[in-house]
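Worksheet: the structure to be examined is printed underneath.
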Number of protein chains: 2
Amino acid sequence: MHYEPDTLFFNQLSLFQRLYARSLSSRLAPLGVHPGYLGVLHYLWQADGVTQKTLNQVMAVEQATLSNTLKRMERDGLISRTPNAEDKRHHIISLTPRAATLKPQVMQAIGDLRATVNTGLTVSDRRYFKRIMHQMTEQLESDQSDPLFLLLDEIPE
Amino acid sequence: MHYEPDTLFFNQLSLFQRLYARSLSSRLAPLGVHPGYLGVLHYLWQADGVTQKTLNQVMAVEQATLSNTLKRMERDGLISRTPNAEDKRHHIISLTPRAATLKPQVMQAIGDLRATVNTGLTVSDRRYFKRIMHQMTEQLESDQSDPLFLLLDEIPE
DNA sequence: ACAGTTTACATAGCGTGCTATACACGTAAC
DNA sequence: GTTACGTGTATAGCACGCTATGTAAACTGT
């Protein structure tokens with residue numbers, strides 16, 4: 001029975017993403033960092049002490065996802081959430097001292113993996129790849145909102 | 001505060017994969033199919049009535065993941081697991097009549113999304129993209145096994 | 001001032017992946 | 001034939017994403 005191996009683009013894409021996450025995870029684990037934390041760390045290393053809302057505006061995940069990620073990061077001693085007296089609805093999220101010092105090691109791990117993945121590829125290969133991925137991402141973003149727009153068009157004045 | 005938007009390749013990749021899954025999901029939902037079922041369906045449409053082990057050998061997921069996926073598919077009335085009298089350790093997995101008829105509609109949904117995503121891209125763009133992704137995937141696969149090989153090298157005779 | 005809305009965040013429940021471990025059945029060795 | 005090992009599958013527990021919904025604080029209009 002010669003079954004053609006999985007040719008569905010989606011499955012190949014999923015596999016690629018999962019392998020990337022696994023390799024990242026094994027490099028970050030010794031630092032107590034999970035791949036899902038990267039976006040938050042990356043932002044806070046640039047601008048520490050912001051609200052969840054601010055973070056959410058630049059991170060491409062849903063609010064509930066971010067809320068849960070922050071909870072795990074707090075549990076793992078990477079961030080703290082200090083209540084804001086001015087407006088008790090939001091808290092200020094800041095890096096713990098330990099997390100603040102982690103940047104070079106995390107960046108090293110990321111760079112190391114990037115180099116591994118890029119083995120055998122030229123600079124223009126990578127650029128081309130990212131450009132196409134970006135373009136496809138935009139198509140998907142408009143695909144998600146399409147039904148909404150269609151509905152809006154149908155609303156009478 | 002002009003924060004440069006998320007430039008980590010891993011995060012862009014994750015976003016792309018998640019958007020793809022979301023778009024797929026919205027197209028498959030009316031059929032009672034989830035994206036995670038696609039690999040199983042795709043195989044069984046070609047060769048129905050196999051063991052979990054066989055499926056596992058061609059699907060790039062862990063055994064435990066497949067086991068859980070099959071449980072959900074059984075719950076959703078897509079497959080049945082009939083006990084094997086010869087060897088009671090494994091069951092024979094087969095499509096339900098309903099699942100067997102679903103192929104054209106699922107393929108239609110996949111093709112539809114593919115067309116959407118490919119908007120504005122040439123055939124050679126897609127081929128190039130897939131080739132690079134494939135190459136990176138192979139690098140990641142060898143990355144995962146590297147530590148093992150290194151250890152093996154260190155084992156004295 | 002207080003009723004209703006909006007805002008910021010948390011929680012519930014689920015899909016899909018992972019690792020580690022349990023378990024039941026089959027096989028082989030003694 | 002029991003002991004030991006191997007095989008096939010299931011389960012436990014977690015990461016990380018989603019949608020839908022809850023909740024408390026702030027704001028707004030009358």
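Below, read A as the first sequence line, B as the second, and so on, with proteins coming before strands; counting in each chain starts at 1. On a predicted model such as this, the values are computed, not experimentally measured, just so you know.
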Can you see if the side chain of [X] gets near the phosphate of [N] - specifically, an N or O under 4.0 Å from OP1 or OP2?
X       : N      : answer
A:Lys71 : C:dT11 : yes
A:Arg18 : C:dC18 : yes
B:Arg75 : C:dC14 : no
B:Arg81 : D:dA10 : yes

Practice problem: Give a yes or no on whether the backbone of A:Leu78 and the side-chain of A:Thr96 come within a donor-acceptor separation of less than 3.5 Å. | Solution: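 Checked: pair present.
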Please enumerate all protein N or O atoms sitting under 3.5 Å from an N or O of nucleotides 20-27 of chain C, with distances to 0.1 Å.
from   : atom 1 : to      : atom 2 : distance (Å)
C:dG26 : OP1    : B:Lys88 : N      : 2.9

From C-beta outward on [X], which listed nucleotide comes closest to its side chain: [options]?
X       : options                : result
B:Asn68 : C:dG15, C:dC18, D:dT9  : C:dC18
B:Thr65 : D:dC18, D:dA15, C:dC18 : C:dC18
B:Gln52 : D:dT9, D:dT19, C:dG17  : D:dT9
B:Ser67 : D:dA10, C:dT16, C:dC9  : D:dA10

Whole-Å distance separating the [atom1] atom of [X] from the [atom2] atom of [N]:
X        : N      : atom1 : atom2 : answer
A:Leu140 : D:dG17 : CG    : P     : 17 Å
B:Asp76  : C:dT16 : CG    : C1'   : 13 Å
B:Leu24  : D:dC18 : CG    : C1'   : 15 Å
A:Phe10  : C:dG15 : CZ    : P     : 15 Å
B:Gln17  : C:dC18 : CD    : P     : 12 Å
A:Met73  : D:dC14 : CE    : P     : 19 Å
B:Asn56  : C:dT16 : CG    : C1'   : 15 Å
A:Lys53  : C:dT6  : NZ    : P     : 14 Å

Quiz item: Closest heavy-atom contact between A:Leu113 and A:Ser23?
Solution: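 Where A:Leu113 meets A:Ser23 most closely, the heavy atoms are CD1-CB, 3.6 Å.
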Derivation and outcome, salt bridge (Lys or Arg N to Asp or Glu O under 4.0 Å), residues B:Asp76 and B:Lys71
CA-CA 9 Å; B:Asp76 294 351; B:Lys71 196 199 287 182; over 6 Å; no
ask   = So, B:Ser80 versus B:Glu74: side-chain donor-acceptor pair below 3.5 Å or not?
value =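 The answer is no; no qualifying pair exists.
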- Query: Under the 6.0 Å and 45° cation-pi test, does B:Arg131 pair with B:Tyr128?
  - Reply: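 Ring-cation test returns no.
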Quick check: are there more than 12 heavy atoms from other residues, nucleotides or ligands sitting under 6.0 Å from CZ of A:Arg75?
->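 More than 12 within 6.0 Å, yes.
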Between A:Leu70 and B:Glu62, name the one whose nearest nucleotide on DNA chain C is closer to the 5' end.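 Nearest nucleotide further toward 5': that of A:Leu70.
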Q. Do the ring planes of A:Phe9 and B:Tyr20 sit parallel (below 30°), tilted (30 to 60°) or perpendicular (above 60°)?
A.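 It falls in the tilted class, 30° to 60°.
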Q) Is A:Ser14 touching bases, backbone alone, or none of the nucleic acid, heavy atoms closer than 4.0 Å? A)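 Nothing, no nucleic acid heavy atom in range.
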Toward the 5' end of DNA chain D, which comes first, A:Arg72 or B:Thr54, by nearest nucleotide?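 Between the two, 5'-proximity favours B:Thr54.
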Exercise for review: Applying salt bridge (Lys or Arg N to Asp or Glu O under 4.0 Å), run through A:Glu141 and B:Arg18 and close with a yes or a no.
Suggested key: CA-CA 11 Å; A:Glu141 271 161 355; B:Arg18 278 154 37 215; over 6 Å; no
